[in-house]
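Counting convention: from 1, in listed order, for ligands and their atoms alike. For this chain, numbers begin at 1 and follow the sequence in order. None of these values were measured; they are calculated from a predicted model.
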Amino acid sequence: MFIRQSILLLLCSTLISAAVHADVNVYSARKEALIKPLLVKFTEKTGIKVNLVTGKADTLIKRLEHEGKFSPADLIITTDAGRLFRAKSKQLVQPMQSDILDALIPESYRDPEHSWYGLSVRARPIIYHKDHVKPEQLSTYEDLANPKWKQKICIRSSNNIYNQSMLASMIAASSAEQTEQWAKGFVKNFARPPKGGDRDQVKAVAAGLCDIAIVNTYYLAQMQHSKDKMQTLAANKVAIFWPNQNDRGSHVNISGAAITTSSKHPKEALKLLEYLAGDDAQSWYANTNQEYPIRNNIKASDILTSWGTFKADQLNLSELGKRNADAVKIMDRAGWR
Ligand code: FE
C-alpha cells in the first residue's frame, strides 16, 4: 500500500514538474565547452532542462531571421553589443523585466530598453612589441593616426564587428567627420593589408612585421595561457597599453544575451539569464573565456589581474549599434579593407 502510494506521488510530482518546467532552447555563439557546464549546473539547481545549439554569431542571427516566429530558440547568447543591437533592430529579441538583472548588470552594459544584457566584458586595447615601442610613446587610439606610426600598425579587416564597434565608440566620442579624418590617417599607417584574426595580429607584432596592433584582451590571455609554445612565445613578446586613460577610457565590449521574440518559454529563459548573471556563474563564465566579469565585485582571472586595472569607456554600448552603419561607411571610404 505504502509503495503504491509512493509511486503515485512520484508520478504526480514528475507530471507537475514536467508541466511547470519547460525546456529552454539556447542558441549560443559561445562554443559548447565554454557554456555547457554552466547550463548543466542550472538544470541541477532548477530542474529546467536546457537544449543547446552552438554556431557562429552572425549565422545564429540569420537563423533566427529565417525561422521567424517558428524558431524554437528562447535565448540567444552572443558576442558584441553591435550584434545584439542588430538582433533587436530586426525584432528578433524582446524586452524583459527583471529587477535582478537591473541590479546586477551595470547600466552601460545593458540595453536601455531591456532587450539585452551583457554577461562578460572584453576590452580592445593597443598591444605593442616590448623591444620596439616604449609605452611612453603611446597615448590614445586617436594618436595612432599620427604619421610617426607609418607602416607600424597591424589590424584585422573592417568587415569584423570588433573594429566597427571600436570606430562607433570613436564617433560617439567625437563626430563622424573627425573619425573619418582619423581613419584615413590610421589606414595610411598599416604595415600590411588587413588579414587574419586578432591572434594573427599578435603573432605579426611578435614577428616584427609591425610594432602595434589592436586586439581583444581574451585572445592575448588565451595565447599567454596556451599549451602551444608558438602562441605563448608570441604573446610574451608583446605588452598591453590601455589607451585614452586621461579621457574617456579604453574601448570595451561585451558578450551578452537576449530572449527571442519567438520564445515559447520566456520565463524559464529569464531564469537562466538571471542565473548567468549570478555570483557562481559569473566567475566561471568570465574566467573560462578569459574575459572580465560584468560585475565589479567578481574577481577576474589571474592573467587579467596581472595586467592591472584600467579605465573603461562608460559609453552605453547600445550606442555602438546605433553608429555601426556610419562606422562601416567611414572604414570603406578610408580604404580600410
Ligand atoms: Fe572573438
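Only protein N, O or S atoms were scored, and 3 of them lie under 2.8 Å from the Fe ion (ligand 1).
Within a 6.0 Å sphere centred on CG of Leu233, heavy atoms belonging to other residues, nucleotides or ligands number more than 12.
Contacts of Ser301 classified as side-chain hydrogen bond (donor to acceptor under 3.5 Å, both in side chains), with partners at least two apart in sequence or in another chain: Gln290. Shown here are the side-chain hydrogen bond (donor to acceptor under 3.5 Å, both in side chains) partners of Gln222, two or more places apart in sequence or in another chain: Arg199.
Of all non-hydrogen atoms in Ala213 and Val205, the two that sit nearest each other are CB-CG2, 3.8 Å.
Between the side chains of Arg124 and Asn216, at least one donor N or O lies within less than 3.5 Å of an accepting N or O.
Grouping Ile, Leu, Val, Met, Phe, Trp and Tyr by side-chain contacts under 4.5 Å, direct or through others, puts Ile126 with Tyr128, Val133, Leu138, Tyr141, Leu144, Trp149, Ile153, Ile155, Met166, Leu167, Met170, Ile171, Trp182, Phe186, Val187, Phe190, Ile212, Ile214, Phe241, Ile330, Met331, Trp336.
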